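Input: a single structure, listed below in structure tokens.
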Amino acid sequence: MPNTEITEECRALIASIFEPPPGQRLPNGNWRIEIDAATWQWLQRLRLHGESISDCIIRIVVITLHRRGLQ
């Protein structure tokens, strides 16, 4: 499983919807979490040029919640 670093804001958004992913708090305030290979590949496909993994996750969550609210 790949380890990835996400921001505190990204983790907080995830935690507001799901149980927060287990991980290790880093000295810079970010989190190191494990994700499965399939999820990592999916995020890489959706990631925009120059976008961090955290920004990608936040964008996906916001769009998904917005679309659910419109249905």
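Bear in mind the structure is a predicted one, so any value in this text is a computation, not a measurement.
The structure places OG1 of T64 at 8.5 Å from CD1 of I17, a figure rounded to the nearest 0.5 Å. Taking CD1 of I33 as the reference point, atom CD1 of I57 lies at 5.5 Å (rounded to 0.5 Å).
Side chains of I14 and I6 form a contact here, defined as non-hydrogen atoms less than 4.5 Å apart. No side-chain heavy atom of E5 sits less than 4.5 Å from a side-chain heavy atom of I53. In this structure the side chain of D55 never reaches within 4.5 angstrom of the side chain of L48, judged on heavy atoms.
Note on W42 and I63: separate hydrophobic clusters, where clusters join Ile, Leu, Val, Met, Phe, Trp and Tyr whose side-chain heavy atoms are under 4.5 Å apart, directly or indirectly.
Closest approach of L43 and C56 over heavy atoms only: O-SG, 3.8 Å. The heavy-atom pair separating L26 from W31 by the smallest distance is CD1-C, 4.2 Å.
Side chain of S54 to backbone of T7: a donor-acceptor contact under 3.5 angstrom is found.
Other residues, nucleotides and ligands contribute more than 12 heavy atoms inside 6.0 Å of the CD atom of Q44.
Using modelled atom types and a 3.5 Å distance limit, the side chains of Q24 and N3 yield no donor-acceptor pair.
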